[in-house]
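Below is one structure, written out as structure tokens; comments come after it.
FYI, the numbering just counts along the sequence from 1. All ligand and atom numbering here is 1-based and tracks the order in the structure. Every heavy atom of this structure was used, including side-chain atoms; hydrogens, water molecules and symmetry mates were not. Keep in mind it's a predicted model, so treat the numbers as computed, not measured.
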Amino acid sequence: MEGRDLFVSVLEQMPDGLIVLDNNDKVVFVNKAAEKISDIKKESILGVDVYQCHPEHEKEKLGKALDYLKNKKHEVRRIFHNETNNTTQENLYRAIFDEEGEFLGSLVMTRDISEKYDLDEKKLLLIDQMDDKIKDLRARFQNLFLSSLETLVNTLEAKDYYTKGHSMRVASLCERFLERESLMVPLKQNIIVAAKLHDIGKIGIKESILMKNDKLTAEENEQMQQHPIITAKILEPMDELKDVVEIVRHHHERYDGTGYPDGLKGNAIPFGARLLALVDAFDAMTSVRPYRDSLSFEEAVSQIRNNLGTQFDPQLGEKFLLHLELGDLDLPDFF
Ligand SMILES: [Fe+2]
């Protein structure tokens with residue numbers, strides 16, 4: 001076999017489709033694989049302008065690709081769906097130049113990638129479905145995590161007559177206040193969760209300190225002030241609770257910057273923490289504590305009013321007091 005025949009025969013039998021165009025974009029060579037992949041007959045396109053071999057809507061894109069090849073001397077890769085035989089093809093277009101840089105023609109290498117493409121599509125679909133499943137599992141895990149913590153809070157508080165039901169009362173007061181103020185739902189949910197769990201860090205504080213009837217010593221006070229940090233640490237492993245962590249960590253900050261644990265001031269304290277500070281204080285004042293009787297509703301309101309701008313956010317505090325005084329927070333009977 002002559003060298004040229006051998007060469008043509010190799011091109012004919014290549015597994016990839018090969019179409020060669022001359023410098024006038026006329027088809028001058030088509031191998032067997034190209035016939036099969038593109039579902040064309042060699043006889044019907046040899047010598048034909050390549051534009052005539054493409055459907056109308058493809059002609060403009062083809063023209064751009066060929067122009068790009070001739071001018072930029074790069075290759076162009078395109079994936080397109082062949083509607084004639086319902087396959088997905090990858091075409092690689094490359095311009096051919098002689099040694100002087102004269103344009104001789106173009107080469108189109110074509111490959112049927114339907115299987116790979118379908119597989120990729122299926123993979124993407126599977127990844128999407130797995131993503132949804134993971135999200136669902138994370139949400140379920142988060143709910144389980146939160147409800148076990150809530151149970152723990154209830155159990156801890158139930159042991160102590162003075163704090164029984166405190167966190168849940170604070171949470172429902174926060175919820176009612178937020179409903180009155182029509183705040184956005186994501187923010188609202190974070191605050192309610194934070195209110196339910198804000199003192200769970202007390203689990204890390206000695207019972208002798210928690211139950212002490214007298215004033216705490218400086219050292220005991222220091223330990224007691226660790227509880228917002230411990231609460232934050234308990235919730236930190238859950239990425240989704242990032243905002244809740246911020247609220248619980250700062251629920252004992254004071255508006256004038258003299259609170260703990262970080263001495264944040266004014267609006268640097270997260271909104272949820274400023275609200276929680278108000279509601280927490282109101283519920284604590286109106287409940288009996290080991291070292292004092294409960295304050296009346298009016299006394300608690302006036303104590304909060306006296307501390308607006310120092311301990312509490314003045315604007316938020318005014319709103320909270322207004323709702324309290326209007327009686328639209330549906331306080332439980334014992335108030
Ligand atoms: Fe607290």
Side-chain angles (χ1 to χ4, degrees), residues 146 149-175 177-178 190-236 241 243-265 268-292 294-295 300 303-304 307-308 310-313 316-317 320:
L146 290 177
L149 290 184
E150 274 175 39
T151 310
L152 186 61
V153 169
N154 290 339
T155 315
L156 286 174
E157 290 182 353
K159 271 170 58 183
D160 175 2
Y161 166 77
Y162 301 106
T163 55
K164 198 174 173 185
H166 165 73
S167 298
M168 295 304 147
R169 280 198 304 275
V170 171
S172 46
L173 259 182
C174 282
E175 185 172 9
F177 173 79
L178 294 167
N190 288 339
I191 296 172
I192 295 166
V193 172
K196 283 180 182 168
L197 304 176
H198 67 283
D199 274 344
I200 199 169
K202 285 188 178 168
I203 198 168
I205 310 293
K206 281 187 207 149
E207 243 176 65
S208 57
I209 300 179
L210 289 177
M211 306 294 229
K212 192 169 175 184
N213 287 332
D214 300 324
K215 217 172 168 262
L216 299 182
T217 64
E219 199 193 317
E220 287 167 340
N221 217 15
E222 206 177 294
Q223 283 189 42
M224 187 67 165
Q225 293 188 358
Q226 291 297 306
H227 82 270
I229 300 174
I230 303 172
T231 303
K233 284 218 169 96
I234 292 172
L235 301 178
E236 257 162 23
L241 298 180
D243 295 333
V244 175
V245 168
E246 282 297 293
I247 300 172
V248 293
R249 184 180 172 95
H250 299 297
H251 77 275
H252 283 291
E253 304 287 359
R254 289 172 54 109
Y255 198 73
D256 60 8
T258 62
Y260 64 91
D262 299 315
L264 295 188
K265 196 173 179 178
I269 306 165
F271 171 84
R274 279 180 274 139
L275 175 64
L276 187 49
L278 278 159
V279 181
D280 187 23
F282 175 76
D283 187 77
M285 284 181 217
T286 47
S287 321
V288 183
R289 289 286 146 126
Y291 40 88
R292 59 152 173 78
S294 66
L295 303 187
Q303 279 240 22
I304 289 180
N307 287 292
L308 292 184
T310 49
Q311 186 175 354
F312 305 116
D313 175 343
L316 191 60
F320 179 58

Leu156/Asp199 under side chain to side chain contact (heavy atoms under 4.5 Å, CB included): CA gap, chis, key distance, verdict: CA-CA 10 Å; Leu156 286 174; Asp199 274 344; over 6 Å; no
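Between Tyr260 and His252, the ring-plane angle classifies as parallel under the 30° and 60° cut-offs.
His227 contributes NE2 as its N, O or S atom closest to the Fe ion (ligand 1). With respect to the Fe ion (ligand 1), Asp199 has OD1 as its nearest N, O or S atom.
Draw a line from the Fe ion (ligand 1) to NE2 of His252 and another to NE2 of His251, and the angle between them is 80° (to 10°).
Residue Ile203 is tested with Thr231, Val153, Leu152 for a side chain to side chain contact (heavy atoms under 4.5 Å, CB included); the sole match is Leu152. The only member of Glu222, Met224, Gln225 that meets side chain to side chain contact (heavy atoms under 4.5 Å, CB included) when paired with Leu216 is Met224.
Here Asp280 does not reach the Fe ion (ligand 1): none of its N/O/S atoms is less than 2.8 Å from the metal. Not one N, O or S atom of His198 sits under 2.8 Å from the Fe ion (ligand 1).
Across all non-hydrogen atoms, the minimal contact from Ile205 to Leu210 is O-CD1, 3.8 Å.
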